[in-house]
Amino acid sequence: MKKNLLTLIMAVFIGTSCSAKDIVGNTNLSLSDKKATPETLSLYKKLNQLTQKGYLFGHQDDLAYGVNWKYENNRSDVKDVVGDYPAVYGWDIAGLEKDDAKNIDGVPFDKMKQYIKEANERGGISTISWHFDNPATGKNAWDNTPNAIKTILPGGENHIKFTSWLDKASNFFLSLKDKKGKNIPILFRPYHELTGGWFWWGKGNCTPEEFKSLWKFTFEYLQKKGVHNLIYVYNTSSFSSKEDFLASYPGDNYADILSFDSYQNNDDKDGKKFVEEVQKQLKIVNEIGHEKHKPIAIAEAGYEAIPDPKWWTGTLNKAIGDYKISYVLLWRNHGWQEKEQKMHYYAPYSGQASEKDFLVFYNLDKTLFEKDIKKALK
């Protein structure tokens with residue numbers, strides 16, 4: 001009888017430890033950049049370690065501005081509500097390729113550098129995307145005129161222009177140094193939402209092979225320029241299968257984190273579609289992450305203006321469920337949009353309808369904000 005009981009217990013244990021939601025087995029982690037700085041490798045290992053404690057909360061442009069304020073030292077809408085900063089800060093370097101002083105959202109690059117340094121000093125983590133212009137037409141990233149990628153690959157008419165853009169990105173990444181002069185590690189998420197067709201690098205505007213060639217060229221070029229402080233984040237929008245998610249995947253030696261973006265829409269007031277969609281996608285990505293020994297993340301998420309007062313615990317946390325993701329990043333708090341005549345924000349601010357629920361969300365054991373990082377690693 002005892003033997004049968006022991007067999008049953010072992011079977012339950014093995015079944016649990018091999019479940020699709022278990023990503024503890026990511027002990028074979030190795031960065032795709034074999035010359036990555038010690039600090040970058042340390043961050044990568046730290047990210048994997050933290051998934052056993054919970055998931056990091058992130059917010060785009062968090063330190064630069066919020067609803068009804070801009071460029072106030074140490075200010076953050078998230079901090080105003082919970083007394084703590086996000087664990088992950090999102091930034092975008094679009095505009096850098098044109099030598100603009102400010103990025104696509106009006107954040108001066110010199111301020112961005114300062115915010116990244118300040119966050120790093122406190123133990124926070126920064127992630128960077130790049131909504132850069134269509135190199136073939138000169139229009140913005142949303143100009144999805146097909147075949148732009150073909151023109152920037154080696155031998156293409158815009159290849160030299162494109163490498164000059166990468167040179168500017170290299171200089172920016174290498175300028176991010178801590179007080180000891182060490183390069184600050186960055187989660188770099190280029191060519192994001194690649195399964196959507198709205199960006200010039202997206203699905204339908206190039207072949208999967210062209211996309212892979214672009215990714216690999218970017219990866220190798222930045223390293224050739226001496227950039228070794230990047231953790232590369234592969235990122236899609238919606239997808240329906242492993243094959244769909246991996247259709248343009250450049251390979252395990254060229255990516256470090258697997259992620260997707262997902263937003264709740266206004267035709268989904270109770271969040272049911274959002275929860276189902278995220279759960280479905282997490283199941284797929286988690287399985288891939290487990291096979292490839294890569295952490296997984298929701299690199300962008302949100303519900304504009306958060307009209308649901310219980311959205312944080314009732315929808316977002318429910319959507320993530322028991323999956324061991326590295327982080328979830330909410331989009332920016334722009335505030336009032338004059339052109340669209342509406343409010344545009346994704347994290348609560350003091351007095352916002354979901355403020356109380358966000359505090360409950362903050363106090364959950366599995367949600368990790370900036371102060372939680374050091375505690376969780378003890």
Side-chain angles (χ1 to χ4, degrees), residues 26-50 56 58 87-94 96-97 103 109-110 112-130 132 152 154 162-192 212-235 249-259 289 292-297 299 326-327 373 377:
N26 273 357
T27 50
N28 300 341
L29 285 180
S30 64
L31 275 175
S32 52
D33 179 358
K34 300 311 171 195
K35 293 183 180 178
T37 65
E39 294 76 21
T40 307
L41 184 57
S42 174
L43 174 59
Y44 193 47
K45 288 179 176 175
K46 188 192 294 183
L47 288 171
N48 186 57
Q49 195 180 341
L50 287 166
L56 300 164
V88 178
Y89 300 88
W91 304 103
D92 196 281
I93 56 171
L96 199 70
E97 71 276 10
N103 82 343
F109 285 109
D110 58 348
M112 189 187 297
K113 284 184 192 180
Q114 190 55 41
Y115 295 139
I116 289 171
K117 290 173 184 180
E118 287 172 6
N120 180 70
E121 190 73 20
R122 292 192 303 263
I125 299 157
S126 291
T127 178
I128 286 177
S129 54
W130 195 0
F132 47 180
I152 59 176
F162 179 62
T163 56
S164 75
W165 290 3
L166 292 180
D167 289 340
K168 291 168 187 177
S170 298
N171 292 337
F172 182 82
F173 292 134
L174 291 172
S175 72
L176 301 172
K177 294 181 187 289
D178 63 18
K179 288 182 177 177
K180 294 178 181 175
K182 303 278 189 184
N183 287 120
I184 295 169
I186 297 293
L187 308 182
F188 183 40
R189 186 174 63 111
Y191 314 118
H192 67 292
K212 290 175 194 178
S213 295
L214 174 63
W215 183 287
K216 289 176 183 178
F217 179 84
T218 303
F219 177 92
E220 288 164 357
Y221 190 88
L222 290 173
Q223 289 175 46
K224 192 171 77 175
K225 301 301 283 189
V227 179
H228 296 293
N229 56 322
L230 302 182
I231 293 171
Y232 291 82
V233 183
Y234 177 80
N235 177 255
Y249 182 62
D252 295 348
N253 294 328
Y254 293 90
D256 303 305
I257 295 175
L258 307 176
S259 71
K292 296 181 176 297
H293 305 288
K294 309 276 185 192
I296 64 172
S326 177
Y327 68 93
I373 295 176
L377 291 170

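Please read all numbers here as calculations on a predicted model, not as lab measurements. Keep in mind that the numbers below use all heavy atoms, side chains included, and drop hydrogens, waters and symmetry copies.
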*Not counting sequence neighbours, which residues clear salt bridge (Lys or Arg N to Asp or Glu O under 4.0 Å) with K168? List them please.*
D99
*So which heavy atom on K294 is nearest to which on D252, and how close?*
NZ-O, 2.7 Å
*If you take all heavy atoms of I93 and M112, which pair is closest and at what distance?*
CG2-SD, 4.2 Å
*Relative to the ring of F188, is the ring of F173 parallel (under 30°), tilted (30 to 60°) or perpendicular (over 60°)?*
perpendicular
*asked:* Between N183 (side chain only) and N229 (backbone N and O only), is there a donor and an acceptor less than 3.5 Å apart?
replied: no
*asked:* Test of understanding: with salt bridge (Lys or Arg N to Asp or Glu O under 4.0 Å), list the residues that count as partners of K225, not counting sequence neighbours.
replied: D167
*Nearest 0.5 Å please: distance from the CD atom of Q114 over to the CG atom of L176.*
11.0 Å
_Within-4.5 Å side-chain heavy-atom neighbours: P154 and F217_ = yes
*For the rings on W91 and Y115, is their centre-to-centre separation under 6.0 Å?*
yes
*Is a side-chain N or O of N120 found less than 3.5 angstrom from the main chain of I184, in a donor-acceptor match?*
no
*Report the residues that fulfil side chain to side chain donor-acceptor pair (under 3.5 Å) with W130, sequence neighbours left out, ordered by chain and then residue number.*
E97
*Should L230 and Q223 count as side-chain neighbours, where that means a heavy-atom distance under 4.5 Å?*
no
_Please enumerate all residues that pass side chain to side chain donor-acceptor pair (under 3.5 Å) together with T218, with sequence neighbours excluded._
Y191
*asked:* Does the plane of the ring in F162 sit parallel, tilted or perpendicular to the ring in F132? Use 30° and 60° as the thresholds.
replied: tilted
*Report yes or no: does S170 contribute a side-chain atom to a donor-acceptor pair with the main-chain N or O of L166 at less than 3.5 Å?*
yes
*What's the spacing between I128 CD1 and I186 CD1 if we round to 0.5 Å?*
4.5 Å
*asked:* E220: which residues meet the side chain to side chain donor-acceptor pair (under 3.5 Å) condition with it, sequence neighbours left out?
replied: Y254
*Grab the two heavy atoms, one from L56 and one from L50, that are nearest each other, plus how far apart they are.*
CD2-CD1, 4.0 Å
_Can you confirm whether N235 sits close enough to L258 that some side-chain heavy atom of one is under 4.5 Å from a side-chain heavy atom of the other?_
no
*Using the side-chain hydrogen bond (donor to acceptor under 3.5 Å, both in side chains) rule, take S32 and D256 through it: C-alpha gap first, then chi angles, then the decisive distance, then the call.*
CA-CA 6 Å; S32 52; D256 303 305; 2.9 Å; yes
_Are more than 12 heavy atoms, taken from residues, nucleotides or ligands other than K45, located less than 6.0 Å from that residue's NZ atom?_
no
*Looking at CZ of R122 and NZ of K117, how far apart are the two atoms once the value is rounded to the nearest 0.5 Å?*
14.5 Å
_Donor-acceptor contact present, side-chain K182 to main-chain T37, <3.5 Å_ = no
*Please name all residues satisfying side chain to side chain donor-acceptor pair (under 3.5 Å) with K113, sequence neighbours left out, ordered by chain then number.*
S175
*Working for side-chain contact (heavy atoms from CB on, under 4.5 Å), residues L222 and Y232*: CA-CA 11 Å; L222 290 173; Y232 291 82; 3.9 Å; yes
*What is the minimum heavy-atom distance between A299 and R189, and which atoms define it?*
CB-CD, 3.5 Å
*Output, in order, the C-alpha distance, side-chain angles, deciding distance and verdict of side-chain contact (heavy atoms from CB on, under 4.5 Å) for V227 and D33.*
CA-CA 10 Å; V227 179; D33 179 358; over 6 Å; no
*Closest approach of L96 and F109, non-hydrogen atoms and distance?*
N-CZ, 3.5 Å
*Do D92 and S129 get their side chains close enough for a donor-acceptor pair, meaning under 3.5 Å?*
yes
*Taking atom CD of Q49 and atom CG of L43, what is their separation to the nearest 0.5 Å?*
11.5 Å
*Minimum heavy-atom separation for I231 to I257, with atom names?*
CG2-CD1, 3.9 Å
_If you define the side chain from C-beta out and look only at heavy atoms, does anything of T163 sit under 4.5 Å from Y221?_
yes
*Quick check: does any side chain N or O of T127 sit under 3.5 Å from a backbone N or O of L187, one acting as donor and the other as acceptor?*
yes
_For the backbone of Y249 and the side chain of Y234, can you confirm whether one donor and one acceptor N or O come within less than 3.5 Å of each other?_
yes
*NZ (K179) with more than 12 external heavy atoms under 6.0 Å*: no
